[in-house]
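Computed from a predicted structure; not experimentally measured.
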Amino acid sequence: MHDTPPHRTPSGRTGRVRGWTAGLTAAATLALVAVTAVAYAGTSGSDARAGALAAAAVPAPPPGFQLTWSDEFNAAAGTGVNTGTWKYDTGPGSSFGTGEIETMTNSTANVFHDGNGHLVLRALHSGTDPRAGWTSGRIETQAATFGAEAGGVVRMESSIQQPNVTTANGAGYWPAFWMLGSTLRTGTPWPTSGEVDILEDINGRSSVFGTLHCGTNPGGPCNESTGLGSGERACAGCQTGYHTYAVEIDRSKSPEEIRWYLDGANYFTLPATRVDATTWNNAVHHPFFIIYDLAMGGGFPDAFGGGPNASTISGGQLNIDWVAVYNKGPGSTTPPGTNIAQGKPTTASSQENAGTAAALATDGNTGTRWSSAFSDPQWLQVDLGQSYNLTNVTLNWEAAYGRAYQVQTSPDGATWTTVASTTTGDGGIDSYTVSGAGRYVRIYGTQRGTAYGYSLWELSVAGTPGTGGATLLSQGRATTASSQENAGTAAALATDGNTGTRWSSAFSDPQWLQVDLGAAHSISRVALHWEAAYARAFQVQTSDDGTTWTTVYATTTGAGGTQNLTVSGSGRYVRVNGTQRATAYGYSLWEFQIYGT
């Protein structure tokens, strides 16, 4: 049995495809450590009491890591999710490709905060047919920016109570905490784009499965749609209390690996050598977006006895206390040849169309590309996030290549030094050994090789971390605004690292956009990548508490475009406060980037 490929719903939303571990044998199932089933007490009983307990705070980062994003779900009782940070996936489970039978909704009957620092996904049943009439909830992060940079490590972790059901009354329940590769949102098919299942359980078995999905479906190097997984592992007490589930993607060692954890204990490790390099890179070498859902029925529960059935109870809950992403930088041990540009914020002078955006030249996928307008000059620029001593720059040209161009570096994105150049480019792959340092690298094309624009499948940069460089602090952080023009221009889209998405405000003054860095930082630079609707007058402000603000930059003569502002200040919160629009529209930013230490 296998899941169907991903699809596009009529709304354009990427449908869910989650592989499932149907390949376990009966012997493997019997090897599961026995756990004591606790009878379900209903939503007014043990689930409700567990939700009412005081929520725990996000833990301090593990040694060597820093907290890069988190959500503690501190919202009023009965409210839905913050749609600046999360988005609902709604519709019938039959459209997700996994055989589910529920309908996912955005109703607060199915997805709600309990007022005590928890988010709840609740499955409800109506009618008499156990295989119909189910509603539930599924959410995913707006940002698709959570990953390990080349030479670094990322840890995604969440504190969760599984639905308080048993094998006697929980047939068909399928809770999950997982993530999908960002490239799925830009057209790479599942499972090539990668899926990491951090927590899955089925049928109230008080267990956990950890799985990587990759390659092709069905079969392929990752045995899809089963995937490469831990098999079933005991999770004693996971229905009746909160436990932590985590995964680490480690790109700092050779071979790279993914590690799964339950309550801090590493129970499964998958090295990159289990598959070929292309399959691994396509599945892992990019950011991810995070997903929670509580499915009912489907291929995975069916593989372990099926459900729901007449004994399955309504009202089971997936209770979420907190979620956090921690990162460890590459340090001085970045492996030689590692592409330090991959997944980094990338901008360009132009793009041919929406399908050839700048970021597609640094996404690690040689099947996607950036393509410029059909004129000279044009440029493509990547922000490495900190200063590097550069050793190599490689250009993988599409058919529309550069005849004359320069490879340039910059410490600030404004002053450029040429480290390589040619006037006789002939396309293909150009690899340059370079000597220079900088935070930014750009390809500056002055003569096209064809009548078309400049087009790169991939820009690769190698080097080792320098000293004194500031770090990009804002990407993927919780971001809010005074208003948004519509659902497609939410605040979080200005800090998602994608220069093809944007925040746009209401058409009035004043308006603001604010990012929570998660902790106090020294701020040295702010980059504003304005859309056509820019600010004439605005202030950049910092705050320790999100209430009292200090202005570190102000202008009444803003000209739009990309503004790299050198500032001096500190704070946990940074905002741009617009007081005069330059157009009849609102304020609109492709990216709002905060740098510091």
Side-chain angles (χ1 to χ4, degrees), residues 1-3 5-6 17-25 27-29 31-32 146-157 176-184 188-200 207-233 245-262 265-288 299-300 303 328 330 333-335 337-339 342-343 363-367:
M1 293 185 290
H2 61 273
D3 297 332
V17 172
R18 188 172 75 209
W20 44 271
T21 312
L24 289 177
T25 65
T29 301
L32 176 67
F146 310 120
E149 60 182 313
V153 187
V154 65
R155 180 182 179 96
M156 287 82 161
E157 186 169 11
F177 164 46
W178 51 300
M179 56 191 189
L180 284 167
S182 60
T183 56
L184 185 69
T188 300
W190 184 94
T192 304
S193 56
E195 172 184 327
V196 180
D197 300 327
I198 308 170
L199 156 67
E200 290 186 283
S207 58
V208 61
F209 296 78
T211 310
L212 171 69
H213 294 281
C214 52
T216 56
N217 182 51
C222 305
N223 188 32
E224 296 301 345
S225 59
T226 298
L228 303 176
S230 65
E232 189 172 19
R233 302 299 179 99
Y245 305 85
V247 72
E248 288 183 354
I249 298 175
D250 190 343
R251 298 182 61 193
S252 71
K253 59 186 299 184
S254 182
E256 297 177 359
E257 65 185 26
I258 305 176
R259 298 182 290 269
W260 282 258
Y261 297 83
L262 174 61
N266 175 207
Y267 69 88
F268 177 55
T269 298
L270 182 69
T273 50
R274 285 285 300 276
V275 297
D276 62 274
T278 298
T279 296
W280 181 267
N281 293 350
N282 287 341
V284 175
H285 287 187
H286 50 62
F288 291 80
F300 199 1
K328 182 188 294 186
T333 59
T334 303
T338 295
N339 182 9
Q342 188 169 311
D363 63 354
N365 183 349
T366 55

Please report the interatomic distance [atom1]([X]) to [atom2]([Y]), rounded to the nearest 0.5 Å.
| X | Y | atom1 | atom2 | answer |
| --- | --- | --- | --- | --- |
| Glu149 | Gln342 | CD | CD | 11.0 Å |
| Arg251 | Glu257 | CZ | CD | 13.5 Å |
| Ile249 | Met179 | CD1 | CE | 4.0 Å |
| His213 | Ser225 | NE2 | OG | 7.5 Å |
| Asp363 | His285 | CG | NE2 | 13.0 Å |
| Glu195 | Leu212 | CD | CG | 8.5 Å |

Shortest non-hydrogen contact from [X] to [Y]?
| X | Y | result |
| --- | --- | --- |
| Val196 | Phe288 | CG2-CE2, 4.1 Å |
| Tyr261 | Glu248 | OH-OE1, 3.2 Å |
| Met156 | Gly147 | CE-N, 4.1 Å |
| Pro221 | Val275 | O-CG1, 3.8 Å |
| Val208 | Ser230 | O-OG, 4.5 Å |

Is there a donor-acceptor contact under 3.5 Å from the side chain of [X] to the main chain of [Y]?
| X | Y | result |
| --- | --- | --- |
| Ser193 | Gly181 | no |
| Thr211 | Asp197 | no |
| Glu224 | Cys214 | yes |
| Thr192 | Gly215 | yes |

**OP:** Might you work through the side-chain contact (heavy atoms from CB on, under 4.5 Å) test for Leu262 and Arg233, ending with a clear yes or no?
**Re:** CA-CA 10 Å; Leu262 174 61; Arg233 302 299 179 99; over 6 Å; no

Original post:
Would a 4.5 Å heavy-atom cut-off, applied to side chains only, mark Leu184 and His286 as touching?
Top reply: no

Original post:
Taking atom CZ of Arg274 as the centre, does the number of heavy atoms from other residues, nucleotides or ligands within less than 6.0 Å exceed 12?
Top reply: no

Original post:
Given Phe268, which of Tyr245, Trp260, Phe209 fulfils the ring pair (Phe, Tyr, Trp, His ring centres under 6.0 Å) condition?
Top reply: Trp260

**OP:** Give the intermediate values and the outcome of side-chain contact (heavy atoms from CB on, under 4.5 Å) for residues Ile258 and Val284.
**Re:** CA-CA 9 Å; Ile258 305 176; Val284 175; 4.1 Å; yes

